[in-house]
Amino acid sequence: MGRERDEQHRKREARARHDIRLPGFVREDEIGLGDLVGRATSAVGVRPCGGCVRRARRMNEWVTFSKRRR
């Protein structure tokens with residue numbers, strides 16, 4: 001029963017997406033949190049690895065920043 005509940009929780013979390021509107025701050029139509037973190041770390045000289053790419057993809061699915069409402 002615990003595994004089933006955990007599975008349902010993971011599916012619900014996978015579907016949850018948070019769109020944050022930041023007019024005047026975001027220049028592009030939409031940018032994901034993973035892309036934002038990737039740009040910041042690359043600006044300070046951190047090279048992305050395979051784990052970074054997967055993590056960025058998941059973060060982009062979770063949170064996005066945009067100029068305007070959809």
Side-chain angles (χ1 to χ4, degrees):
M1 192 168 190
R3 288 183 188 178
E4 186 175 313
R5 186 177 53 212
D6 290 342
E7 182 69 27
Q8 289 174 352
H9 179 70
R10 276 194 295 271
K11 286 181 181 179
R12 194 173 330 121
E13 285 292 320
R15 285 181 278 168
R17 181 175 175 163
H18 306 281
D19 294 321
I20 300 170
R21 194 170 69 101
L22 297 172
F25 183 72
V26 177
R27 294 183 180 184
E28 301 170 9
D29 282 337
E30 185 175 289
I31 183 171
L33 180 60
D35 293 334
L36 185 66
V37 170
R39 287 181 187 182
T41 55
S42 118
V44 295
V46 177
R47 289 180 164 174
C49 62
C52 294
V53 172
R54 287 189 302 275
R55 192 168 20 263
R57 191 174 335 136
R58 291 285 302 195
M59 291 170 79
N60 286 341
E61 292 171 2
W62 185 50
V63 176
T64 57
F65 299 97
S66 64
K67 287 196 286 192
R68 54 190 139 88
R69 292 185 182 175
R70 291 180 175 193

Could you pull out all residues at least two apart from [X] that satisfy side-chain contact (heavy atoms from CB on, under 4.5 Å)?
X     : answer
Ser42 : none
Asp35 : Ile31, Asn60
Val63 : His18, Ile20, Leu33, Phe65

List the steps, then state whether side chain to side chain contact (heavy atoms under 4.5 Å, CB included) holds for Glu61 with Arg57.
CA-CA 6 Å; Glu61 292 171 2; Arg57 191 174 335 136; 4.2 Å; yes
